[in-house]
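Note sheet for the following structure.
Atom set for the values below is all heavy atoms of this structure, side chains included, hydrogens, waters and symmetry mates excluded. Every chain is numbered from 1 and lettered A, B, ... according to where its sequence line falls, protein lines coming before strand lines. Just so it is clear, the structure is predicted and the values come from calculations on it, not from any experiment.
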Amino acid sequence: MLASAPLKPTETSMSVRVRFAPSNTGRLHLGNVRTALFNYLFARNQGGTFILRIEDTDRARSRDEYTEAITDALEWLGMTPDEGPIFQTDRMDRYREAVDRLIDEGHAYRCYATPEELEAEREKAIAEGRKPKYSGKWRDRTDHPEDQPYTVRIKMPQEGQITIDDMVQGEVTVDVEELDDFIIMRSDGTPTYNFVVVVDDAAMEISHVIRGDDHLNNTFRQVPVYRALGHEPPRFAHLPLIDGLSKRGGSASIQDYREQGYLSEALVNYLSRLGWSHGDQELFSHDELVEYFGFDSVGRSPSNFDRDKLDWVNSEWMKKLPASELAECWIPFLERKGFDVEHDEQLVAIVNLMRDRAKTLVELTEESSYFFSADFDYDQKAVDKWMSADLKPAIEALIEGLEEIDDWNSDAIGTLYRAVGDEYDLGLAKLAQPTRISLTGSTSSPSVFSLVATFDRDEVIRRLHAGTELL
RNA sequence: GUCCCCUUCGUCUAGCCUGGUCCAGGACACUGGCCUUUCACGCCAGCGACACGGGUUCGAAUCCCGUAGGGGACGCCA
């Protein structure tokens, strides 16, 4: 037996680790969810790890209930993280250690400039048409005052350029002239975002930072921090933002969409296509998304949220999902309407009968309410048009026939309707429309035979009787 | 103000890297028709775009330059 080949770099050392890092100052909106999704899909596609980190250093606005809303939402969407949630507030000691080390090694320094002083300089710069930028006045000073509050600033490179090779944006270069020595620790001893992000991403061995492109400029500040900390920066992917969110009465959180009757599969499918594409394909299963996703196919231009398209994708998923699964998702909507329902054969039959007539679960509930309650108003115009008194004998014959049918199914019911139609010399519509009105209150419904078959026989007869009162 | 990014039908996008097969393809929406016991679904058809201006080239949506418009970033917020 041959000696084993030299070990290649281990899978783990090369493995893909990505993180989704929302702050818990609110619920997830669609933009956040899409960022999470792209992270998740990339991780799965690469056989990597998807990590949730909560950026909770904003103590004034962070709330536990939002953390819960975030994890719930991810779970509902099928993107449960492999690791986390990790909280930054649990890691304060680490940040402080890192700050101390950077000061010791000369990569960072104390700055005693006051907020008022800095504000004045900023205003002056803007007034003179210069870029507002910290002067670096404490960078090399050693005459530190005693008992004065200070911040800690990172030393940025003083000349040259920083280039990142972004997986979405390509190569982007910024002159270090544009950068200043930014604060990494506030005067109250808490670290700032641009610093903790780097400390955490480095410590967690994040291999690819995938985030909104509002962070692209931050990246040029963060790269020198990685270096100062003794780490190579990870790969970056900056996704274009989504325009046009938070319209429609601010109902923008993912939970709101859930309540509006959208399916998680549809939301995921729709969001995946905002900024990413795979040829002409519009509908993707979870597995297809994982298989096809890649940053080569992510666009650089921002996109707009379009409710009509979401509705369409959702309606497609309403048709596609196994009926029993759809029924399960639907039940909460029915219960909220006060309908007492069970996940039984009849409910599944209703789903199959009605599913392709509704774009959302809310619509499905509205369209189907007559199955669950006889308490509806008759459409008066329809009654006037179709419920004529001379139909009475035929309807009564129908009721009689329905009482005697052996197999309660649409074929048998159809046969009966045709027979009664022949007997009374009536077109099918003459019997079908009054039946619809009696059962549903209006003339718009699925095929009458299937409609009748989906109800309990007793209920059909009851409603038909009630309907004859209108003749 | 300075810096960064973006610009194909109303919207999401394919094509752009590797110019010609693109008088630009698909999808949503919209319009019309078909199907039909109603309403939907479905099917078919139609409408509809390379931001603008220069250049390079035999030839540009595709390459180069500029202009305009949009977005983002410039915090002891994240």
Side-chain angles (χ1 to χ4, degrees), chain A residues 21-25 55-58 60-62 88 111 113-115 118-119 122 125-134 149-153 166 168-170 172-175 177-180 182-194 196-197 212-221 238 240-241 243-244 270 273-283 296-297 299-313 315 319 354-359 367 382 386 414 417 421 427-433 435-437 440 442-449 451:
Chain A
S23 62
N24 58 347
T25 54
E55 316 242 312
D56 60 346
T57 51
D58 185 346
R61 296 188 301 148
S62 289
Q88 294 190 314
C111 168
T114 63
L118 295 172
E119 185 54 34
R122 195 173 297 128
I126 291 171
E128 292 173 6
R130 288 180 292 118
K131 191 178 176 72
K133 191 181 147 181
Y134 173 67
Y150 61 88
T151 58
V152 176
R153 289 179 183 269
D166 192 276
V168 173
Q169 309 288 342
V172 186
T173 299
V174 159
D175 201 296
E177 276 295 305
E178 302 299 325
L179 276 17
D180 63 2
F182 67 91
I183 292 173
I184 60 175
M185 194 178 80
R186 304 182 187 96
S187 51
D188 67 359
T190 59
T192 60
Y193 170 78
N194 273 122
V196 297
V197 148
D213 74 4
D214 49 338
H215 290 283
L216 185 58
N217 287 283
N218 282 333
T219 308
F220 297 96
R221 298 167 189 283
H238 286 97
L241 272 9
D243 291 339
Y270 174 73
R273 285 282 290 100
L274 242 36
W276 173 81
S277 62
H278 182 70
D280 287 338
Q281 191 171 341
E282 298 284 352
L283 269 9
D296 286 348
S297 310
R300 280 197 277 227
S301 51
S303 44
N304 287 277
F305 171 68
D306 180 16
R307 168 86 58 160
D308 285 335
K309 184 88 179 250
L310 206 212
D311 281 349
W312 175 76
V313 173
S315 71
K319 290 171 199 158
M354 304 299 290
R355 63 195 313 179
D356 58 3
R357 315 173 69 80
K359 290 186 165 72
E367 298 281 315
W386 294 100
Y417 268 73
L428 198 45
K430 291 280 192 184
L431 296 175
Q433 297 301 59
T435 302
R436 285 199 172 88
I437 294 165
T440 74
S442 84
T443 54
S444 86
S445 92
S447 152
V448 252
F449 311 145
L451 179 75

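To the nearest whole angstrom, the two P atoms, one in B/A29 and one in B/U11, are 16 Å apart. Comparing the P positions of B/G53 and B/A60 gives an interatomic distance of 14 Å, to the nearest angstrom. Look at the C1' atom in both B/G33 and B/C47: the space between them is 15 Å, to the nearest Å. When the P atom is used for both B/G42 and B/C28, the distance is 9 Å, rounded to whole Å. Distance noted for atom P between B/G10 and B/A24: 15 Å (whole Å). Distance check on atom P: B/G71 versus B/C23 gives 34 Å, rounded to whole Å. Straight-line distance between the P atoms of B/A61 and B/C9: roughly 15 Å, to the nearest whole Å. B/U8 and B/C44: their C1' atoms are spaced 26 Å apart (whole Å).
Counting non-hydrogen atoms under 4.0 angstrom, A/Pro149 reaches nothing in the nucleic acid. Across all strands shown, A/Lys319 has heavy atoms under 4.0 Å from sugar-phosphate atoms exclusively, and none from any base. Among the protein residues, A/Ser445 comes within range of the nucleic acid bases, having at least one heavy atom under 4.0 Å from a base atom. Nucleic acid contact for A/Gly427: none, since no nucleic acid atom lies under 4.0 Å from a heavy atom of the residue. Looking at heavy-atom distances under 4.0 Å, A/His215 makes contact with a base. At a threshold of 4.0 angstrom between heavy atoms, the contacts of A/Asp188 with the nucleic acid are absent. Backbone-only engagement by A/Ser277 is indicated by non-hydrogen atom pairs under 4.0 Å involving sugar-phosphate atoms exclusively.
Here the shortest heavy-atom pairing between A/Glu55 and A/Ser62 reads O-OG, 4.5 Å.
Judged by atom type and distance alone, A/Ser447 does not reach the base of B/U38 through any side-chain donor-acceptor pair under 3.5 Å. Not a single donor-acceptor contact under 3.5 angstrom links the side-chain atoms of A/Glu119 to the base of B/G75.
Between the CZ atom of A/Arg61 and the C1' atom of B/C77 there is a distance of 6 Å, rounded to whole Å. In this entry the distance linking CZ of A/Arg122 with C1' of B/A73 reads 14 Å, nearest Å. Per the geometry, OH belonging to A/Tyr270 stands 11 Å off C1' belonging to B/U13, to the nearest Å. A straight line from NE2 of A/His278 to P of B/G26 spans 18 Å, rounded to a whole angstrom. In this entry the distance linking CG of A/Leu274 with P of B/C28 reads 16 Å, nearest Å. One atom, CG of A/Asp308, and another, P of B/A27, lie 16 Å apart when rounded to the nearest Å. To the nearest angstrom, C1' of B/C28 lies 5 Å from NZ of A/Lys309. A straight line from CG of A/Leu451 to C1' of B/U38 spans 11 Å, rounded to a whole angstrom.
With rounding to the nearest 0.5 Å, the separation of CZ in A/Arg153 from CG in A/Asp180 is 6.5 Å. The CG atom of A/Asn304 lies 11.5 Å from the CG atom of A/Leu241; values are rounded to the nearest 0.5 Å. Of the inter-residue distances, the one linking A/Tyr134 atom OH with A/Leu118 atom CG reads 7.0 Å to the nearest 0.5 angstrom. We find the NZ-CG distance between A/Lys359 and A/Asp308 to be 8.0 Å, quoted to the nearest 0.5 Å. Atom NE2 of residue A/His238 and atom CG of residue A/Asn218 lie 7.5 Å apart, to the nearest 0.5 angstrom. From A/Glu367, atom CD reaches atom CZ of A/Arg355 across 15.5 Å, with rounding to the nearest 0.5 Å.
In this model, the phosphate group of B/A40 is not approached by any side-chain N or O of A/Ser444 to a distance below 4.0 Å at OP1 or OP2. Applying the 4.0 Å criterion to OP1 and OP2 of B/U13, one finds that A/Ser303 has a side-chain N or O inside that range. At least one side-chain nitrogen or oxygen of A/Arg186 sits closer than 4.0 Å to the OP1 or OP2 atom of B/A78. Phosphate proximity of B/A78 to A/Thr57: present, with a side-chain N or O under 4.0 Å from OP1 or OP2. An OP1 or OP2 oxygen of B/C12 is reached within less than 4.0 angstrom by a side-chain nitrogen or oxygen of A/Asn304. Using a 4.0 Å cut-off, no side-chain N or O of A/Arg436 falls inside it from OP1 or OP2 of B/U37.
Mapped onto RNA chain B by nearest heavy atom, A/Asn194 and A/Asp180 fall at different nucleotides, with A/Asp180 at the one closer to the 5' end. Toward the 5′ end of RNA chain B lies the nearest nucleotide of A/Arg273, the other residue of the pair A/Arg273 and A/Trp312 mapping further downstream.
Crowding of A/Glu177 atom CD: a count of heavy atoms from other residues, nucleotides or ligands under 6.0 Å not exceeding 12.
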(Q) Output one letter per nucleotide in nucleotides 2-10 of chain B: B when a protein non-hydrogen atom lies under 4.0 Å from the base, S when only the sugar-phosphate is that close, - when neither is. (A) BSSSSS---
Q. Side chain to side chain donor-acceptor pair (under 3.5 Å) between A/Thr440 and A/Arg436: does it pass, once the steps are laid out?
A. CA-CA 6 Å; A/Thr440 74; A/Arg436 285 199 172 88; over 6 Å; no
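Under the Watson-Crick or G-U wobble criterion, with both distances below 3.5 Å, B/A49 has no partner in any strand shown. In this structure, B/C3 and B/G72 make a Watson-Crick or G-U wobble pair, each of the two defining distances being under 3.5 angstrom.
A perpendicular orientation is assigned to the rings of A/Phe305 and A/Tyr270, their planes being inclined by more than 60° (bins at 30° and 60°).
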